[in-house]
Peer 1: 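Handing you this structure, nothing more for now.
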Protein chains: 2
Amino acid sequence: MTAPLTNPGGADARDADDQLVADVFARGCGSRRTLENIAGKWGILALSALHEGAYRFNALRRRVDGVSEKMLSQTLQALERDGLVRRDVQTTIPPHVEYSLTPLGARVAERLIGLIELVESELGTVLAAQAEYDREAADRNRRK
Amino acid sequence: MTAPLTNPGGADARDADDQLVADVFARGCGSRRTLENIAGKWGILALSALHEGAYRFNALRRRVDGVSEKMLSQTLQALERDGLVRRDVQTTIPPHVEYSLTPLGARVAERLIGLIELVESELGTVLAAQAEYDREAADRNRRK
DNA sequence: CGGCATCCCGAGGGATACTG
DNA sequence: CAGTATCCCTCGGGATGCCG
């Protein structure tokens with residue numbers, strides 16, 4: 001065989017013209033890993049918050065309620081590595097580190113904010129669906 | 001005090017007119033939990049796949065490369081409970097279960113697909129940023 | 001075929017303490 | 001202030017086996 005159809009190892013596929021073929025549905029594709037960094041529990045919130053403007057570390061930590069220092073640090077590092085977040089350091093005392101979005105990060109954040117606004121505005125619908133689901137589940141339990 | 005500013009317990013906040021106030025940045029808000037179901041590792045992929053059309057369980061499992069039976073089952077249950085996915089059962093032998101999006105699920109999926117397309121199309125940019133980041137990190141290590 | 005129950009391992013992630 | 005480092009433990013999630 002000349003080329004595998006899937007790439008279990010993790011390298012990204014390329015077509016006959018050596019163009020990068022990104023497919024999140026393929027396990028091991030770089031785009032899936034990047035998507036997970038973005039859409040992970042804290043990635044969404046960090047990127048959305050930074051779309052409001054630059055934040056210093058502890059300010060961002062306060063904005064994203066419930067995130068631990070460790071996880072925020074890890075999240076920001078991953079996003080910086082992916083070229084979505086920029087980290088500017090002032091070597092003063094006390095130190096001053098500011099996080100902001102890169103142009104690509106801003107484009108990603110816009111999508112995320114659209115999603116968040118939809119979810120927030122439809123929360124009532126979701127809560128109603130949950131209540132209905134739970135009620136039916138309880139019914140089924142009572143029967144047997 | 002008349003009303004708490006945050007709601008650590010998990011109930012969703014309401015304003016003076018008893019309108020639901022959804023804020024994903026607040027720990028414990030229902031909208032954050034819903035967002036995590038949607039944007040979690042498998043939620044994004046399941047919803048996006050279902051936007052292509054209805055799927056049976058094992059077909060969906062094949063489409064979402066790498067997902068285990070257990071996780072796909074859990075993911076679909078959560079999304080069904082949130083009113084984003086519909087589950088239609090034919091009690092034949094063998095059983096026939098079809099998953100599809102609700103109208104709200106379709107609206108969510110559209111947002112997710114926009115995000116995925118952006119990430120896939122910019123994968124080259126991301127990979128370049130990663131290489132640059134890793135190169136600089138290696139440099140810093142060599143110095144000390 | 002669809003999918004719950006059980007077992008089990010390793011990564012995820014919190015709390016705390018220390019450094020520049 | 002902005003992190004790293006360490007400890008420790010929960011639980012995410014894979015594998016397997018069994019039912020409708």
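Here is the naming used below: chain letters follow the sequence lines, and residue numbers restart at 1 for every chain.
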Peer 1: Please answer: with hydrophobic residues joined when any side-chain heavy atoms are less than 4.5 Å apart, are B:Leu79 and B:Val97 in the same cluster?
Peer 2: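 Hydrophobic grouping puts B:Leu79 with B:Val97.
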Peer 1: Could you check how far CD of A:Gln90 sits from C1' of D:dA2, rounded to whole Å?
Peer 2: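 Going from CD in A:Gln90 over to C1' in D:dA2 covers 13 Å.
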Peer 1: Do A:Glu36 and A:Arg33 sit within salt-bridge range, that is, some charged N less than 4.0 Å from a carboxylate O?
Peer 2: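 No salt bridge links A:Glu36 with A:Arg33.
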Peer 1: Could you list, one pair per line, each protein nitrogen or oxygen that sits under 3.5 Å from a nitrogen or oxygen of nucleotides 13-17 of chain C, together with the distance?
Peer 2:
{"from": "C:dG13", "atom 1": "N7", "to": "A:Lys70", "atom 2": "NZ", "distance (Å)": "2.9"}
{"from": "C:dG14", "atom 1": "OP2", "to": "A:Ser68", "atom 2": "OG", "distance (Å)": "2.7"}
{"from": "C:dG14", "atom 1": "O6", "to": "A:Lys70", "atom 2": "NZ", "distance (Å)": "2.5"}

Peer 1: I want to check one thing: is the phosphate of C:dG2, taken as OP1 and OP2, less than 4.0 Å away from some side-chain N or O of B:Arg56?
Peer 2: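 So the side chain of B:Arg56 is within the cut-off, an N or O lying under 4.0 Å from OP1 or OP2 of C:dG2.
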Peer 1: Just how far, in rounded Å, is C1' of C:dG12 from CD of A:Glu36?
Peer 2: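 Taking CD of A:Glu36 and C1' of C:dG12, I get 13 Å after rounding.
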Peer 1: Quickly work out the B:Leu76 CG to C:dC1 P distance and round it to whole Å.
Peer 2: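 Value for this atom pair: 17 Å.
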Peer 1: Is there a side-chain contact between B:Leu72 and B:Trp42 in this structure, where contact means two heavy atoms from C-beta onward sitting under 4.5 Å apart?
Peer 2: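 No. Closest side-chain heavy atoms not under 4.5 Å.
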Peer 1: Choose from C:dG3, C:dG2, D:dG3 the nucleotide whose nearest atom is closest to any side-chain atom of B:Ser73.
Peer 2: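 Closest nucleotide to the B:Ser73 side chain: C:dG3.
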Peer 1: Could you see if A:Leu104 belongs to whatever hydrophobic cluster contains A:Leu112? Use Ile, Leu, Val, Met, Phe, Trp, Tyr and a side-chain cutoff under 4.5 Å.
Peer 2: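 They do share one cluster, since a chain of ILVMFWY contacts under 4.5 Å joins A:Leu104 to A:Leu112.
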Peer 1: Between C1' on D:dC1 and CG on A:Leu60, what's the gap in Å once rounded to a whole number?
Peer 2: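 Nearest whole value for this atom pair: 14 Å.
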Peer 1: Nearest to the side chain of A:Arg87, heavy atoms from C-beta on, is which of D:dG3, C:dG2, C:dC1?
Peer 2: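 Of the options given, the side chain of A:Arg87 lies nearest D:dG3.
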Peer 1: For the pair made of CG in B:Leu72 and P in C:dG3, what is the distance, rounded to whole Å?
Peer 2: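 These atoms are roughly 9 Å apart.
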Peer 1: Grab the CG-P distance between B:Asp88 and C:dG3 for me, whole Å please.
Peer 2: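 Those two atoms, CG and P, are 12 Å apart.
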Peer 1: Count I, L, V, M, F, W, Y as connected when their side-chain heavy atoms are under 4.5 Å apart, and connections chain through other members. Are A:Leu123 and B:Val108 then in the same cluster?
Peer 2: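 A:Leu123 does not cluster with B:Val108.
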Peer 1: Rounded to whole Å, please give me the gap between CG in B:Asn58 and P in C:dC1.
Peer 2: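 For the pair B:Asn58 CG and C:dC1 P, the rounded distance is 6 Å.
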Peer 1: Is A:Tyr99 near enough to D:dG3 that one of its side-chain N or O atoms lies under 4.0 angstrom from OP1 or OP2?
Peer 2: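 Yes.
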Peer 1: Figure out the CD/C1' separation between A:Glu80 and D:dG3, and round it to whole Å.
Peer 2: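 In whole Å, D:dG3 C1' and A:Glu80 CD are 13 Å from each other.
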Peer 1: Just wondering, do B:Leu60 and B:Val67 contact through their side chains at under 4.5 Å, heavy atoms?
Peer 2: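 B:Val67 does not reach B:Leu60 side chain to side chain.
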Peer 1: Which is more 5' along DNA chain C, the nucleotide nearest A:Pro95 or the one nearest B:His96? Just name the residue.
Peer 2: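 Result: B:His96.
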Peer 1: Examine A:Tyr133 and A:Leu127 and state if one hydrophobic cluster contains both, with Ile, Leu, Val, Met, Phe, Trp and Tyr joined whenever side-chain heavy atoms are less than 4.5 Å apart.
Peer 2: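 As far as the 4.5 Å side-chain criterion goes, A:Leu127 and A:Tyr133 are not connected within one cluster.
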Peer 1: For A:Gln77, answer base if it contacts any base atom (sugar-phosphate contacts may also be present), sugar-phosphate if it contacts only those atoms, and nothing otherwise; contact means non-hydrogen atoms under 4.0 Å.
Peer 2: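 Sugar-phosphate, no base atom in range.
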